[in-house]
Amino acid sequence: MRMTNLFSQTLREAPADAEAMSHILLLRAGFIRQLGSGIFSYLPLAKRTLDKIEGIIREEMNAIGGQELSMPVVQPADIWKESGRWQELDEVLARFKDRGDHDMVLAMTFEEAVSDLVRGEIKSYRQLPQLVYQIQTKWRDEVRSRAGLIRVREFTMKDSYSLDVDGDGLDRQYRNHYRAYHRLFSRCGLPTVSVEADVGLMGGQLSHEFIYLTPDGEDMILHCPSCGYSANQEVAVSAKVEVEGEEQLELEKIATPGAETIEDLTRFLQVPESKTAKVVFLVGRFGERQEEADTDKLIVAVIRGDMTVNEVKLGHVTEALALRPASADEIAPSGAVAGYASPIGLKGVLVVVDESVTTSPNLVAGANEEGYHLKNVNYDRDFEADLVADIAAVEAGDGCSKCGQPLETSRGVEVGHIFQLGTRYSDSMGCTFLDSQGKARSVIMGSYGIGVGRLLACVAEQHRDEHGLMWPVSVAPFQVHIVALAKGEGAAQAASEKLYGDLKEVGVEVLYDDRRENPGVKFNDADLIGCPLRITVGERSLKKGEIELKLRGEGEATGVPVEEAVSHVRQRLAGLQAELDSAVVEVADYQD
RNA sequence: CGGGGUGUAGCGCAGUCCGGUUAGCGCACCUGCUUCGGGAGCAGGGGGUCGGCGGUUCGAAUCCGCCCACCCCGACCA
């Protein structure tokens with residue numbers, strides 16, 4: 001591709017509203033342009049690397065038996081009503097009506113669509129197992145898009161769906177994906193770690209996320225340096241701390257004027273945070289799938305003062321469809337007094353108590369009376385719970401639940417997520433097959449996603465320096481960038497043209513800077529765009545019968561004879577590819 | 001949705017407090033000449049509903065009101 005024909009230009013300055021480095025660089029290098037919040041156009045350069053990423057994904061999916069198909073983005077709401085997600089999901093699912101006044105949705109994922117396909121096609125156990133996948137556009141009306149391509153509303157995702165007769169089959173496909181994902185991310189040059197994760201709006205029982213670790217990531221990961229346990233904070237568990245036996249003391253009401261926070265309280269009473277109980281008020285939305293009517297209920301979560309509530313865990317144990325912070329008006333009717341609240345004496349609420357509170361005797365808790373707290377509050381004796389569960393957010397330093405060593409935290413971006421769905425969709429949508437006994441059984445499903453655009457952004461984030469992007473060969477928009485130090489006629493011009501033609505001839509992908517620009521401009525743009533191999537063609541080295549080769553990451557260029565240029569280029573590219581291939585390691589299975 | 005911020009040419013900004021010529025500057029773009037190995041110089045030129053609507057005023061980018069868009073921080077996810 002000649003740069004004089006390329007449909008984009010580099011920007012010397014980045015738009016002011018870009019902050020993430022991947023966003024700034026992709027914008028400056030002319031890969032992407034923004035149309036609206038979380039809505040982007042991919043220009044030719046980005047499209048090329050996207051295609052390469054998708055190519056790698058296809059190879060890996062095909063290698064584990066995947067068959068590519070394509071499902072519609074606009075779908076009738078009926079199937080979503082059948083699965084129950086029409087009711088379960090809120091605004092993330094974009095809805096509209098067609099001209100016939102039918103409810104329609106913009107697909108945010110495709111479990112319903114495959115399930116519809118499956119119930120039509122799959123009749124017998126003889127047709128299983130199966131693995132289908134697609135690389136398709138999705139729309140999610142995210143609460144907040146951010147960081148360029150990292151979190152957007154319209155995005156393309158590779159999603160695959162496995163269909164099996166039993167759990168063993170599902171497990172096999174799940175493990176296949178687990179390994180394929182690790183291979184594929186490393187083939188793209190992106191280091192990732194896999195962690196146990198929440199199933200979120202997919203439903204199902206087991207799930208892993210593939211995380212690219214970066215301080216700018218939005219997910220919090222906990223991992224144990226000694227035994228390897230790693231999980232998203234949403235589901236992470238830590239070792240239970242046993243409190244040594246302490247006799248239950250008599251309940252005592254004390255005046256604590258103005259002490260409305262745990263911090264105030266510890267200072268006022270001179271007790272550690274771990275000797276207090278705090279409550280968090282949330283409103284849970286409850287309802288049955290397949291039914292329209294929802295009811296809100298106040299949830300009172302009780303946890304020890306030194307810990308925080310993990311809302312994902314709380315959502316699971318309460319089986320609420322959604323949780324949100326409660327307003328003062330919603331709290332008041334229960335009898336709770338903000339700042340001096342406790343579960344003692346509350347009416348009509350769902351009390352969820354963290355395990356930490358049930359094992360900690362003689363805590364200080366609110367008296368539900370302005371200006372007063374209660375001392376020596378004990379679970380069971382003084383108050384009861386509707387649910388006792390682990391609802392604590394695990395933090396750095398907490399003991400690993402497997403080996404007891406302190407856990408560490410890091411941040412990351414989720415680029416892939418795999419789920420063992422089981423029969424969550426086949427049951428609700430009637431995906432059954434006849435087994436060898438002639439009995440109808442539900443298809444066992446798995447679902448596996450990769451955010452393609454996000455993957456591109458993460459690769460950009462990972463491979464860059466102060467001058468610009470540095471694409472791994474496997475996904476670079478072009479393998480070679482020719483900088484022609486010539487304007488119009490001359491030896492350099494002729495040599496560049498010839499080299500460009502020769503390289504294209506042998507199938508090398510080359511971006512040829514044939515613009516009438518000064519050398520500095522061309523070098524800087526080459527660095528910005530970040531093709532792995534740069535060739536400089538200029539009078540200076542041409543006099544020695546040479547052109548110059550430089551890897552994007554290298555400092556110095558090396559001269560090679562003009563006649564040998566093509567073979568040198570192929571060698572260098574092969575070398576880069578080999579280097580990348582050798583970094584692809586087969587990973588061990590996940591730990592159960 | 002709550003909190004914070006920004007909207008002036010394709011991009012980066014000044015001007016807005018304190019209303020008053022044809023609304024500026026840098027980059028980018030077009031023409032010409034020169035230059036030519038790490039973001040060149042000179043000369044000339046094109047490009048603006050000052051986010052939108054309404055109001056105040058003799059007069060609004062500037063003051064007032066409403067609305068919209070985008071970004072950042074918190075609850076969601078690939």
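Naming convention: chains lettered A, B, ... in sequence-line order (proteins, then strands); numbering from 1 in each chain. Not measured: the values here are computed from a predicted model.
- Within 4.0 Å (heavy atoms only), A/V152 reaches at least one base atom of the nucleic acid.
- Place A/G38 and A/V452 on RNA chain B by their nearest nucleotides, and A/G38 ends up nearer the 5' end.
- Contacts of A/A18 with the nucleic acid, taken as non-hydrogen atoms under 4.0 Å apart, are absent.
- Residues in residues 445-463 of chain A take part in these salt bridge (charged side-chain N to carboxylate O under 4.0 Å, His left out) pairs, two or more places apart or across chains: A/E218-A/R454, A/E461-A/R464.
- B/rC77 atom C1' lies 13 Å from atom CD of A/E111, rounded to whole Å.
- Taking the six-membered ring for Trp and the full ring otherwise, A/H23 and A/F40 have centroids separated by under 6.0 Å.
- Spacing between atom CZ of A/F40 and atom C1' of B/rC70 amounts to 11 Å, rounded to whole angstrom units.
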Spell out protein contact along nucleotides 31-40 of chain B as letters: B when the base is contacted, S when just the sugar-phosphate is, - when no protein heavy atom is under 4.0 Å; keep the 5' to 3' order.
----BBBBBB
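- Taking the six-membered ring where tryptophan is involved, the planes of A/H208 and A/Y178 are perpendicular, since the angle between them exceeds 60° and thus also 30°.
- When the P atom of B/rC27 is taken as reference, atom CG of A/L27 falls 21 Å away, rounded to whole Å.
- When the C1' atom is compared between B/rG32 and B/rC25, the two are found 24 Å apart, to the nearest whole Å.
- Base pairing annotation: B/rC66 forms a Watson-Crick or G-U wobble pair with B/rG52, both donor-acceptor distances under 3.5 Å.
- Using a 30° and 60° split on the angle between ring planes, A/F210 and A/H182 fall in the perpendicular class, above 60°.
- Between the side chain of A/H568 and the backbone N or O of A/E564, at least one donor-acceptor pair lies under 3.5 Å.
- Atom-to-atom, CD of A/E218 to C1' of B/rG74 comes out at 13 Å; the value is rounded to the nearest Å.
- B/rC77 atom C1' lies 8 Å from atom CD of A/E234, rounded to whole Å.
- Summarising the base pairing, B/rG44 is matched to B/rC30 through a Watson-Crick or G-U wobble pair whose two defining distances lie under 3.5 Å.
- Residue contacts shown for A/S8 are absent, as no nucleic acid heavy atom lies under 4.0 Å away.
- Ion pairing of A/E497 with A/R2 is present here, as a side-chain N (NZ or NE/NH1/NH2) and a carboxylate O approach within less than 4.0 Å.
- Nucleotide B/rA9 holds its C1' atom 15 Å from the CD atom of A/E13, rounded to whole Å.
- The phosphate of B/rC71 has OP1 or OP2 within less than 4.0 Å of a side-chain N or O from A/Q34.
- Distances were taken from every side-chain heavy atom of A/R146 (C-beta onward) to each of B/rA78, B/rG74, B/rC77; the shortest belongs to B/rG74.
- Proximity of A/R144 to the phosphate of B/rC72: a side-chain N or O atom is located under 4.0 Å from OP1 or OP2.
- B/rA60 and B/rG2 have their P atoms separated by 34 Å, with the value rounded to a whole Å.
- Taking atom C1' in both B/rA61 and B/rG7, one finds a spacing of 12 Å when rounded to whole Å.
- One C1' atom belongs to B/rC18, the other to B/rC63, and the distance between them is 11 Å to the nearest Å.
- The separation of B/rA43 from B/rG48, taken at their C1' atoms, amounts to 25 Å, rounded to a whole angstrom.
- A distance of about 10 Å separates the P atoms of B/rA14 and B/rU6, rounded to the whole Å.
- Judged by distance alone, with hydrogens and angles left aside, the side-chain atoms of A/Y512 form no donor-acceptor pair with the main-chain N or O of A/T4 at under 3.5 Å.
- Base pairing analysis places B/rG24 opposite B/rC13; the two distances defining the Watson-Crick or G-U wobble pair are each below 3.5 Å.
- No donor-acceptor distance shorter than 3.5 angstrom exists from the side chain of A/K158 to the backbone of A/V452, with no hydrogens or angles considered.
- Residue A/V143 is classed as a base contact, given a heavy-atom separation below 4.0 Å to a base.
- The residues A/D141 and A/R153 are annotated as salt-bridged, a charged nitrogen and a carboxylate oxygen being separated by less than 4.0 angstrom.
- Rounded to an integer number of Å, the gap from CD of A/Q233 to C1' of B/rC77 is 15 Å.
- Taking atom C1' in both B/rG24 and B/rU8, the straight-line distance is 10 Å, to the nearest Å.
- B/rC1 is paired with B/rG74 under the Watson-Crick or G-U wobble criterion, all donor-acceptor distances under 3.5 Å.
- Between the side chain of A/D17 and the base of B/rC72, no donor-acceptor pair of N or O atoms lies under 3.5 Å.
- If you take atom C1' in B/rC64 and the same atom in B/rG19, they sit 13 Å apart, rounded to whole Å.
- Distance, A/N232 CG to B/rA78 C1': 13 Å, rounded to whole Å.
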